[in-house]
Amino acid sequence: MSRAYNFSAGPATLPEAVLRQAQAEMLEWNGAGASIVEISHRGPEFIQVAREAEADLRTLMSIPDDYAVLFLAGGATVQQALIALNFANPGQAADYVVTGHWGKTAIKQVKPYVDARIVANGEAGGFRDIPPRGAWQLSADAAYVHYTANETIHGVEFRGIPDVDTAPLFADFSSSIAAEPLDVSRFGLIYAGAQKNLGPVGVTVVIVRRDLLERAGQPRADIFTYRSHVQGESMLNTPPTWNWYLAGLVFKWMLAEGGVTEFSRRNARKSAMLYDVIDGSGGFYRNEVAPDARSRMNVPFFLHEPALDATFLKQAAEAGLIALKGHRVLGGMRASIYNAMPEAGVQALVAFMRDFQQRNG
Ligand code: PMP
């Protein structure tokens, strides 16, 4: 068996220790006589797994008690629609800060429900920077203010939490959740698909301040209602048990490795290694994002000569470095280096990049 270093943006690499544990428990989980995916989500075995996952995530992210934590199906995109249905009156204003592709898609999902206002937009600059907070034109009557903490495609990441006092702050943390310590109490709601930093695709984490659940929102089915999901402990219907279980294993692994403080150190080192080799390449490689907005999770870069792209990707794969092709929206390359990407993987990538430049520069 040869596992490559996998730089996929998501579904993304998982910790090898977690995959090995899941493999070992595949046929029978903890004396249950069946695997965790073959038993009822309402039985004591799965309930234990679910409760531990929530407790571990609360510990990992220091989530205050006045926040509910949900494990839902549907992906981040579904949450993008549900936030409007649950927290805004029909046609009410909702403020959106757009710093890349995913901020734009978030608006697409709420168009039928709210008056989505773009209060700051990095598009004119090609999404290479974050519009300064002082230039945001927040509405006085918005139901919430939404931003994307890390833009997975454009590689643009907020440093710190923006100061917003006009409405509760909602954030898409799909590609940077649990990558560094975060003051959850500054938010009304955080959501993140698990498939980048938390585990497998199929489960989405929603962290929501409980008082917001009292908002009336818009006419909607019970299954689209966060309040009901909280009351039903994320089990209104059959939850994605396998994904929830695997995410739980990732939380335990992260805690054992030293928690988010340790991962933020590793992520800083990993991303610095990559940006250093790009910036030091004399233009052979190029990352166009403003230095203080550069993502520590997704590093898009371009070769000075696009004709070399195919060779770069082929030789990288031969060297055991896979999924480096950039998103079709941007082209070029992208290295996604989430929590589960070991430092050795990034070291191997930068060594390959230096060598490739030497042979082709
Ligand atoms: N937001 C961000 C920041 C993302 O990176 C993605 C997926 N790449 C999404 C939202 C959409 O997530 P999902 O596919 O889970 O709906």
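We count ligands from 1, going down the list as the structure has it; atoms in each ligand are counted the same way. Along the sequence shown, residues are numbered consecutively beginning with 1. The shown structure was predicted, so the numbers you read here are calculated from the model rather than taken from an experiment.
Not less than 6.0 angstrom separates the ring centroid of F251 from the ring centroid of W244. Ring to ring, F187 and Y67 are not that close: their centroids are 6.0 angstrom or more apart. Checked against a 6.0 Å centroid threshold, the rings of F170 and Y191 do not count as neighbours.
Proximity of N150 to ligand 1, defined as any heavy-atom pair under 4.0 Å, is confined to the backbone N, CA, C and O atoms. At a heavy-atom distance under 4.0 Å, atoms from both the backbone and the side chain of A76 approach ligand 1. Residue-level proximity to ligand 1 for T77 is carried by backbone and side chain together, each with a heavy atom below 4.0 angstrom.
Less than 4.0 angstrom separates some heavy atom of G75 from each of these atoms of ligand 1: 15 (O), 16 (O). The distance from ligand 1 to the heavy atoms of S174 drops below 4.0 Å at these ligand atoms: 1 (N), 2 (C), 3 (C), 4 (C), 10 (C).
Between the CG atom of D163 and the OG1 atom of T166 there is a distance of 10.5 Å, given to the nearest 0.5 Å.
When hydrogens are left out, the protein atom nearest atom 14 (O) of ligand 1 is Q195 NE2, 3.7 Å; that is the closest non-hydrogen contact. Looking from atom 10 (C) of ligand 1 to the surrounding protein, the closest heavy atom is D172 OD2, 3.4 Å. Closest to atom 3 (C) of ligand 1, if we only count protein heavy atoms, is T152 OG1, 3.3 Å.
A salt bridge links R265 and E262; the closest N-O separation between the charged side-chain nitrogens and carboxylate oxygens is under 4.0 Å.
Between F312 and F301, the ring planes lie perpendicular to each other; the angle is over 60°, past the 30° to 60° tilted range.
Between the side chains of Q79 and Y226, at least one donor N or O lies within less than 3.5 Å of an accepting N or O.
Contact annotation: K196 has at least one heavy atom less than 4.0 Å from an atom of ligand 1.
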